There are 2 protein chains.
Amino acid sequence: MASDLSPARRRSRRKAARPGEIVEAALRLFAERGYAATKLEDVAAAAGIGKGTIYLYFATKEELFRAVVRQAVLPNLQAAVELAADPDRPAADILRVLAERFLVMLQSDLTAIPKLIVAEAGNFPALAQFYADEVASKGMALIRGILARGIARGEFRPIDLDGALPLFSAPFLMLALWKHSLGRHTDIQIDPRAVVAAHLDILLRGLAAKATP
Amino acid sequence: MASDLSPARRRSRRKAARPGEIVEAALRLFAERGYAATKLEDVAAAAGIGKGTIYLYFATKEELFRAVVRQAVLPNLQAAVELAADPDRPAADILRVLAERFLVMLQSDLTAIPKLIVAEAGNFPALAQFYADEVASKGMALIRGILARGIARGEFRPIDLDGALPLFSAPFLMLALWKHSLGRHTDIQIDPRAVVAAHLDILLRGLAAKATP
DNA sequence: TACTACTGACCGACCAGCCGGTAAGTAGAA
DNA sequence: TTCTACTTACCGGCTGGTCGGTCAGTAGTA
């Protein structure tokens, strides 16, 4: 990464690039160790800079945390909203594409964000609220819209929308958490592709209006 | 709780009861704040004793954590295993009873354990491994058995078992995490009963062999 | 008096945040 | 091109506060 400490390049000025590098390094370490157990000194080392430099760009550790969450979350959410807006696609199709995109995201550290939020919600109420409003709330509205459209068009049978809302995302959450916690410490193998395939298979069949061969 | 500090009753406590009281208080605080952010001094206060007393029963904070997890997890797991062992019940029935039991557990703080494990797996590999082997592994074996039996009997259609394994528990995990993190910091209401009902409805229909009216 | 469950002041390691100092880079003059 | 004067990104040793863990002492019991 950006950690080439060779004296030559060390002091090069990169004011514009620094914040992004720091956030990236912080995400990596937060994902691995959690917020409390991550030392800013280590974040600095991982970013290839000195500890003091972090404070040129972020006032406190907490603010760095907020930046990490914001940077990781907002672009992806935006993309998902746009996808779902397409009024011509069948609902089942949209769900499949969303699932596909998740599998790609699962390669990166982005999916550690839910783990961090879950762990630290109690200690950072403001951050929790931000996430609840910006991500959870919008995400649920998104799914609700897709399901409602599917029902309206006769793709899906009528169901209790409120109850069904969390069901689409639950397996994705589980896969994300697994990857960044237990999955690292056991031999049990979970194949995300298989899980997602089974999920779509069972969910779409469970939702389907009467006739599905 | 156990925090009656009236000098009269204070010393009359018996050695046998202490560990359980401490573990109970610790679970409450860990659930609320997470492991790192919980001070042993506060645990002691919540248990109505002095800080030093904790060290009469637990060598370190980490060992107390392990005790909390063990005490919260093992009895419930045992009960679930016994339930699933009943060879006469239809598979769908067993899943319904498990779901029902989860809703009861959700009233207590026990469901904060997954949150703690997810958050701290990276920092306590041994604990993560314990949980992976004792809970995740056994839990998955349990579900696998139930699904396999359902398929063998023609209740369920044949599906990819490995992929479908995590799907049953995913919504429960989500409900547990929601209750102990985001749910505390937002107005969004999620009704666990409705989610579980929708889950069983959709899952069982998605799994069902051909004929389901 | 002897015993023991318990206490809480204290210690030391740890780390977020600070700040005086360093040197990379720049611009203007010659 | 080269020198000098200046700016500022960057560094890392230090401090103050926090908290896990200790232990000499207290109070209840027999």
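Just so we're on the same page: letters track the sequence lines, and every chain starts at 1. This is a predicted model, so every value here is computed, not measured.
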Counting primed atoms, P, OP1 and OP2 as sugar-phosphate and everything else as base, the B/S/- map of nucleotides 16-23 of chain D against protein heavy atoms under 4.0 Å is ---SBBB-
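End-to-end axis angle of the helix from dT1(C)-dA30(D) to dA30(C)-dT1(D), from C1' rotation axes over five pairs per end: 10° (rounded to 10 degrees).
Between R101(B) and N76(B) there is no side-chain heavy-atom pair separated by less than 4.5 Å.
Y57(B) places its OH atom 8 Å from the C1' atom of dC6(C), with the value rounded to the nearest Å. Between L56(A) atom CG and dA16(C) atom P the separation is 17 Å, expressed in whole Å. The distance from atom CD of E21(A) to atom P of dA9(D) is 15 Å, rounded to the nearest whole Å. Taking atom CZ of R18(A) as the reference point, atom C1' of dT8(D) lies 13 Å away to the nearest angstrom. Atom-to-atom, CD1 of I22(B) to C1' of dA5(C) comes out at 12 Å; the value is rounded to the nearest Å.
Partners of P125(A) under the side chain to side chain contact (heavy atoms under 4.5 Å, CB included) rule, at least two apart in sequence or in another chain, are H185(B). Partners of V118(A) according to the side chain to side chain contact (heavy atoms under 4.5 Å, CB included) rule, which considers only residues two or more places apart in sequence or in another chain, are K115(B), L177(B), S181(B). Partners of Y131(A) according to the ring-ring contact (aromatic ring centres under 6.0 Å, His included) rule, which considers only residues two or more places apart in sequence or in another chain, do not exist here.
An OP1 or OP2 oxygen of dT7(C) is reached within less than 4.0 angstrom by a side-chain nitrogen or oxygen of T53(B).
Contacts classified as salt bridge (charged side-chain N to carboxylate O under 4.0 Å, His left out) and involving residues 161-190 of chain A (residues at least two apart or in different chains) are given here: R144(A)-D162(A).
Within 6.0 Å of CD in E63(B) there are more than 12 heavy atoms belonging to other residues, nucleotides or ligands.
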